[in-house]
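The structure appears right after this line, and notes come after that.
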2 protein chains.
Amino acid sequence: MSSDDPTYDESVAQGGFRLTRQRREVYDALLDVRDHPTASEIFLRAKHRMPSISLATVYNSLEALVSSGLVKQVNLDRAPTRYCPNTKEHGHFFCEKCHEVQDIELLPGQSPQSFILPQGCVVTHHEVSLKGLCQKCAQPAPLLS
Amino acid sequence: MSSDDPTYDESVAQGGFRLTRQRREVYDALLDVRDHPTASEIFLRAKHRMPSISLATVYNSLEALVSSGLVKQVNLDRAPTRYCPNTKEHGHFFCEKCHEVQDIELLPGQSPQSFILPQGCVVTHHEVSLKGLCQKCAQPAPLLS
DNA sequence: CTAGGTGCAAAAGGTTTGCGGTTAA
DNA sequence: TTAACCGCAAACCTTTTGCACCTAG
């Protein structure tokens, strides 16, 4: 996915909050490598380009980005929250061996509702998380022949 | 659901770990009110019947119950982990207003896979969480006529 | 006898907050 | 000018851990 993918249009960032240097660095770190980093990982990457940035500011910036809708939080169990700049509806796959996190896309035209919802309730968000082994980790040992 | 529902058969508890007084109190607290309590809430309920029990023991007991398969952990965002004695495959619905948590059942014969999985990966667990307003909270103000 | 459980207190670890100083609109 | 933001350090809160004692098998 290229960074000019409309899904990731940075101009959205103008809507509602100040796009400061710190927030840009945090967002750039997130767009740079799409590996669902944690706040600490983002902190290290941003610090590389802007040594004065603080961890608290990274948290604050992430919160601003999340509430502006540019970034989504991804939680699995009690592990540190990870962040994702893919704002399209999607799920996540967690590899239990290498701990890689991948986005998984919805089948076209489908909504992930195979559940019986109690009458009258209103759904505003849903999250689907799968755990297992990713392609690499599920593969048998490489053939040496 | 009655407590003699086979899904909740306590005899399963015999398999693999000691069913001590503390673990029984923790499990009973969980079966008693099916409201997905947190560890602290379970601690308070268990303490009521067994004042000497400690929070650390509640955590230890929950861990034992989880790894024996009798109890499942339920996480949403960074909120404290909640615990659920429903061992059937199901999802969770979180009310954003009253914070009630409800189990949601799968539609019969369906699996919750409307996602495109990367080739070759193996799925061992999946979790579906919905957020929104429950029946009560979604209802308009009560009619007074 | 001894492996596993318990309770206590302290530590860990991610995240949030308070506050004085700074900056962008 | 001033509301919003930054960086720092301390606080918070859930969860885990170390350890001495206890107990079931």
Side-chain angles (χ1 to χ4, degrees), chain A residues 10-11 13-30 36-68 70-84 94 99 101, chain B residues 13-30 36-68 70-84 94 99 101:
Chain A
E10 284 186 31
S11 70
Q14 254 74 151
F17 77 107
R18 294 216 307 240
L19 185 52
T20 61
R21 168 89 196 281
Q22 287 85 350
R23 291 174 180 183
R24 170 168 294 281
E25 292 294 356
V26 166
Y27 190 45
D28 284 353
L30 221 33
H36 304 83
T38 63
S40 310
E41 288 164 353
I42 294 166
F43 172 55
L44 292 177
R45 293 178 196 178
K47 201 177 182 61
H48 207 249
R49 294 169 146 209
M50 187 184 182
S52 69
I53 199 171
S54 74
L55 180 56
T57 294
V58 169
Y59 274 106
N60 288 337
S61 301
L62 286 168
E63 194 200 327
L65 289 162
V66 167
S67 61
S68 82
L70 276 176
V71 166
K72 289 167 86 174
Q73 292 183 312
V74 182
N75 286 284
L76 181 75
D77 304 333
R78 290 252 107 206
T81 303
R82 297 181 171 276
Y83 295 85
C84 171
F94 299 86
H99 303 112
V101 182
Chain B
Q14 253 74 151
F17 76 106
R18 293 218 303 243
L19 186 50
T20 62
R21 167 90 194 281
Q22 289 83 351
R23 291 175 180 184
R24 171 168 293 280
E25 293 295 355
V26 166
Y27 190 45
D28 284 353
L30 220 36
H36 303 83
T38 63
S40 310
E41 287 163 354
I42 294 166
F43 172 55
L44 291 178
R45 293 178 196 177
K47 200 178 182 61
H48 206 250
R49 294 169 145 210
M50 188 186 181
S52 69
I53 200 171
S54 74
L55 180 57
T57 295
V58 169
Y59 273 106
N60 288 337
S61 301
L62 285 169
E63 194 200 327
L65 289 163
V66 167
S67 61
S68 83
L70 276 176
V71 166
K72 288 167 87 174
Q73 294 184 309
V74 182
N75 287 285
L76 180 75
D77 304 333
R78 289 252 109 208
T81 303
R82 297 181 170 277
Y83 295 85
C84 173
F94 299 85
H99 302 113
V101 182

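Sequence lines set the chain letters: A, B, ... in the order given, protein chains first and strands last, and positions in each chain run from 1.
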Is any side-chain heavy atom of [X] closer than 4.5 Å to a side-chain heavy atom of [Y]?
| X | Y | result |
| --- | --- | --- |
| B:L44 | B:E41 | no |
| B:P37 | B:L30 | yes |
| B:F94 | B:D77 | no |

Set of side chain to side chain donor-acceptor pair (under 3.5 Å) partners for A:R82, sequence neighbours left out: none
Footprint string (nucleotides 12-17 of chain D, 5' to 3'): B base within contact, S backbone only, - free, heavy atoms under 4.0 Å: --SBBB
Donor-acceptor pairs are to be reported for all side-chain atoms of residues 55-66 of chain A against protein atoms at under 3.5 Å, with residues two or more places apart or in another chain.
residue	atom	partner	partner atom	Å
A:T57	OG1	A:S54	OG	3.1
A:N60	ND2	A:A56	O	3.4
A:S61	OG	A:T57	O	2.7

With sequence neighbours excluded, residues passing salt bridge (charged side-chain N to carboxylate O under 4.0 Å, His left out) with A:E25: A:R21, A:R49
Partner set under salt bridge (charged side-chain N to carboxylate O under 4.0 Å, His left out) for A:R78, not counting sequence neighbours: none
Phosphate OP1/OP2 of D:dG7 contacted by A:Q22 side-chain N/O (<4.0 Å): yes
Under-4.0 Å side-chain N/O to phosphate OP1/OP2 contact, A:T57 with D:dC6: no
5'-most by nearest nucleotide on DNA chain C - B:M50 or A:T20: B:M50
Closest nucleotide among [options] to the [X] side chain:
| X | options | answer |
| --- | --- | --- |
| B:R23 | C:dG5, D:dC8, D:dC6 | C:dG5 |
| A:S61 | D:dC6, D:dG7, C:dG7 | D:dC6 |
| A:I53 | C:dG7, C:dG5, D:dG7 | D:dG7 |

Measure the distance from [atom1] on [X] to [atom2] on [N] and round it to the nearest whole Å.
| X | N | atom1 | atom2 | result |
| --- | --- | --- | --- | --- |
| A:L62 | C:dT15 | CG | C1' | 11 Å |
| A:Q73 | C:dG14 | CD | P | 15 Å |
| A:F43 | C:dG13 | CZ | C1' | 15 Å |

Produce the list of close N/O pairs, under 3.5 Å, pairing protein atoms with atoms of nucleotides 23-25 of chain D; give distances to one decimal.
none

Value rounded to 0.5 Å, distance of CZ in B:F43 from CD1 in B:I53: 7.5 Å
Separation between NE2 of A:H36 and OH of A:Y83, rounded to the nearest 0.5 Å: 13.0 Å
